[in-house]
2 protein chains.
Amino acid sequence: MTPASSGSARVIECLKSLGLTKYEALVYIALLKVVSATASEIHEISTVPRASVYPVLDQLQEKRLISVARSTPKRFAALSPEEGVAIMMSRIERDAADAREILSAIHRERISHEQSSEELIWNVYGIENIQRKLTEIITAAGHDVRIIAHPQIISPEIRELLDAVAERADIEIVTHQWEGGNKGKLRVYIKKHPEMPRELDHVKDMMAGGICIVDNRRVLVILGTGNEDAVALFSETEGFVRFFSRYYNLIVDWAKKPE
Amino acid sequence: MTPASSGSARVIECLKSLGLTKYEALVYIALLKVVSATASEIHEISTVPRASVYPVLDQLQEKRLISVARSTPKRFAALSPEEGVAIMMSRIERDAADAREILSAIHRERISHEQSSEELIWNVYGIENIQRKLTEIITAAGHDVRIIAHPQIISPEIRELLDAVAERADIEIVTHQWEGGNKGKLRVYIKKHPEMPRELDHVKDMMAGGICIVDNRRVLVILGTGNEDAVALFSETEGFVRFFSRYYNLIVDWAKKPE
DNA sequence: CACGTGTTGTTGTTGTTATAACAACATTTA
DNA sequence: TAAATGTTGTTATAACAACAACAACACGTG
């Protein structure tokens with residue numbers, strides 16, 4: 001497999017998400033393989049129909065990704081990949097900045113006289129969003145945070161945050177293991193997996209993810225941590241909170257028992 | 001004009017270049033305007049056909065831009081613009097990094113047994129590319145650099161570079177004005193525009209851009225600096241270099257004359 | 001509890017646009 | 001004039017946009 005063909009589908013996808021079409025990507029790649037080329041040579045290298053090469057070259061030129069020689073026939077050369085990607089990214093970053101600004105304006109003016117989201121149970125998709133939400137609710141903690149979680153949930157960032165919040169709120173954690181003995185002001189209970197009594201078997205599954213209860217008012221239930229399609233539930237619903245609060249107490253009572 | 005409609009076309013374009021479709025953008029924007037909404041409410045806010053809202057919401061969910069409530073009917077909420085844009089950008093940046101890597105591999109293995117580009121005259125489009133090329137050839141200077149240029153060509157970066165290169169190469173500059181008297185090892189001649197004799201009238205146009213000759217071997221001719229569609233010619237062709245060298249000498253001889 | 005009504009969610013069809021692919025022709029160079 | 005270059009216009013194709021029709025469901029009422 002040639003180096004070109006090995007990742008060719010992938011690299012074309014990448015270039016598409018940087019704003020090129022398939023042909024633009026193919027022509028740009030073709031030009032990278034040589035010092036310079038005429039339209040016909042590009043056609044041969046890239047397999048793009050010869051007649052299509054000309055408009056594509058025009059577009060690449062408008063996007064500032066190639067240089068053109070003043071000769072007949074015209075010769076074309078690609079900017080280096082570093083330069084080319086930088087040029088494409090700078091366009092996108094400009095768009096991103098604009099989007100952020102305009103969208104923020106819209107977001108600030110959003111209609112707030114809607115029913116609050118308190119009576120709902122929300123799905124949070126993706127491990128990054130879950131971490132974000134977890135950070136959000138811990139940060140907003142008033143007087144207590146209670147966590148049962150797989151160690152991988154309690155990332156260094158979360159742990160740092162917990163240490164900070166511990167200054168003003170009571171924090172209780174149940175987990176399998178705790179890296180570094182220093183628990184600071186945190187109350188940490190460690191329970192190994194296999195010790196779990198049979199009647200709490202379904203808890204194992206929960207422990208693959210975790211539960212975080214803040215101020216007995218908000219709950220984040222993390223279901224599985226298969227990095228890709230992790231899902232969490234978030235709610236401020238009274239019944240939901242009460243249910244998981246009881247669930248939490250059940251586990252903690254058992255965790256607190258001396259081994 | 002409402003804040004939403006004022007930049008709505010623009011923001012949709014921005015979101016498209018971040019990888020969303022028109023409908024995805026419209027639905028995301030609609031969700032930013034409220035705390036949460038059902039599919040039907042989204043349809044009303046966004047004017048996207050109700051039947052199209054559902055698949056679009058699926059796509060937005062896959063792209064991790066919205067949360068979904070567990071209720072009937074389902075309620076949806078947008079992640080904040082900052083989070084949303086960050087998520088889209090991180091996808092693109094990952095693609096950019098991959099593209100850079102794969103393309104660099106292709107570029108390194110390029111077929112080099114091609115005719116060199118020495119006999120050609122190259123067009124360089126865009127002010128950034130011109131600055132880049134100028135930096136490149138000055139950096140590679142062996143024994144001399146000769147420049148006639150409009151002051152705006154000689155940016156702080158270029159000036160810094162020239163100071164560094166002056167250690168090993170003779171540098172001569174003709175321009176209209178020179179910020180800060182410190183010329184270091186550079187030989188700078190300053191000539192105001194209006195003094196120009198009538199027979200050199202066409203030089204004015206050239207002075208709107210500039211000429212840079214390095215080692216009497218490479219020439220960059222900058223034509224106009226209208227920030228958008230600035231074009232430069234670059235060549236190592238003997239005839240081209242000789243022509244502009246003579247041209248250069250003509251102007252410099254006149255510039256050296258005491259006023 | 002059956003029933004009608006209105007809403008939610010799904011499916012399939014059609015129109016539209018941008019890209020892809022090609023054929024035919026005009027133009028230049030050797 | 002033969003070969004290659006450059007241009008133009010037409011036809012596919014695929015993704016997206018827009019809509020119509022229907023099944024599933026919740027809910028209030030007789």
Side-chain angles (χ1 to χ4, degrees), chain A residues 8-9 11-31 34 36-63 65-66 68-77 88 115 119-121 123, chain B residues 8-9 11-31 34 36-63 65-66 68-77 114-115 119-121 123:
Chain A
S8 69
V11 79
I12 287 169
E13 278 314 302
C14 292
L15 290 173
K16 272 189 188 171
S17 83
L18 296 180
L20 300 192
T21 66
K22 186 182 160 194
Y23 276 7
E24 287 168 357
L26 285 170
V27 167
Y28 182 66
I29 292 169
L31 279 174
V34 294
S36 72
T38 65
S40 296
E41 287 164 4
I42 292 168
H43 154 63
E44 283 162 21
I45 301 170
S46 66
T47 72
V48 170
R50 197 178 62 83
S52 302
V53 167
Y54 295 95
V56 168
L57 284 168
D58 287 345
Q59 289 154 13
L60 285 176
Q61 185 175 313
E62 238 169 57
K63 291 179 179 168
L65 294 176
I66 58 174
V68 186
R70 303 222 148 184
S71 60
T72 50
K74 285 183 189 169
R75 296 194 72 82
F76 302 84
M88 292 186 271
Q115 95 292 353
E119 293 311 308
L120 295 167
I121 301 167
N123 286 6
Chain B
S8 69
V11 79
I12 287 170
E13 278 315 303
C14 291
L15 290 172
K16 272 190 187 171
S17 85
L18 296 180
L20 299 192
T21 66
K22 185 182 161 194
Y23 276 8
E24 287 168 357
L26 285 170
V27 167
Y28 182 65
I29 292 169
L31 279 174
V34 295
S36 72
T38 66
S40 296
E41 288 165 3
I42 291 167
H43 153 64
E44 283 162 20
I45 303 169
S46 66
T47 71
V48 172
R50 198 178 61 83
S52 301
V53 167
Y54 295 95
V56 168
L57 284 169
D58 288 345
Q59 289 154 10
L60 286 176
Q61 187 174 312
E62 242 169 56
K63 290 178 179 168
L65 295 176
I66 57 175
V68 186
R70 302 219 150 190
S71 60
T72 50
K74 286 186 188 166
R75 295 194 72 83
F76 302 85
E114 297 267 320
Q115 95 291 353
E119 294 311 310
L120 296 167
I121 300 166
N123 285 7

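A, B, ... follow the sequence lines: proteins, then strands. Residue 1 opens every chain.
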* To do: Show the numbers, then the answer: is there a side chain to side chain contact (heavy atoms under 4.5 Å, CB included) between B/Leu57 and B/Lys74?
  => CA-CA 11 Å; B/Leu57 284 169; B/Lys74 286 186 188 166; over 6 Å; no

* Does A/Thr21 put a side-chain nitrogen or oxygen below 4.0 Å from OP1 or OP2 of C/dT19? -> no

Can you tell me how far the [atom1] atom of [X] sits from the [atom2] atom of [Y], to the nearest 0.5 Å?
| X | Y | atom1 | atom2 | value |
| --- | --- | --- | --- | --- |
| B/Ser46 | B/Lys22 | OG | NZ | 11.0 Å |
| B/Thr21 | B/Tyr28 | OG1 | OH | 14.0 Å |
| A/Phe76 | A/Gln61 | CZ | CD | 7.0 Å |
| B/Leu60 | B/Ile66 | CG | CD1 | 5.0 Å |

Once you round it to whole Å, what is the distance between [atom2] of [N] and [atom1] of [X]?
| X | N | atom1 | atom2 | result |
| --- | --- | --- | --- | --- |
| A/Ile42 | D/dA4 | CD1 | P | 17 Å |
| B/Glu44 | C/dG6 | CD | P | 16 Å |
| A/Arg75 | D/dA4 | CZ | P | 15 Å |
| A/Leu57 | C/dT19 | CG | P | 16 Å |
| B/Glu24 | D/dA18 | CD | P | 13 Å |
| B/Tyr54 | D/dA21 | OH | P | 18 Å |
| A/Lys74 | D/dG6 | NZ | P | 7 Å |
| B/His43 | D/dC19 | NE2 | C1' | 11 Å |

Nucleotide N/O to protein N/O under 3.5 Å, stretch nucleotides 21-26 of chain C:
unit_1	atom_1	unit_2	atom_2	d
C/dA21	OP2	A/Tyr23	OH	2.2
C/dA21	O5'	A/Tyr23	OH	2.9
C/dA21	N7	A/Ser52	OG	3.4

* To do: Apply side chain to side chain contact (heavy atoms under 4.5 Å, CB included) to B/Ile29 and B/Ile12, showing your working.
  => CA-CA 9 Å; B/Ile29 292 169; B/Ile12 287 170; 4.3 Å; yes

* Structure fact -> Assign each of B/Pro73 and A/Val56 the nucleotide of DNA chain C bearing its closest heavy atom; nearer the 5' end lies the nucleotide of B/Pro73

* salt bridge (charged side-chain N to carboxylate O under 4.0 Å, His left out) between B/Glu24 and B/Lys16: does it pass, once the steps are laid out? -> CA-CA 9 Å; B/Glu24 287 168 357; B/Lys16 272 190 187 171; over 6 Å; no

* Does any non-hydrogen side-chain atom of A/Arg50 lie less than 4.5 Å from one of A/Glu44? -> no

* Asked: Is there a donor in the side chain of A/Arg75 and an acceptor in the side chain of A/Ser36, or the other way round, less than 3.5 Å apart?
  -> yes

Protein N or O to nucleotides 28-30 of chain C N or O, pairs below 3.5 Å:
none

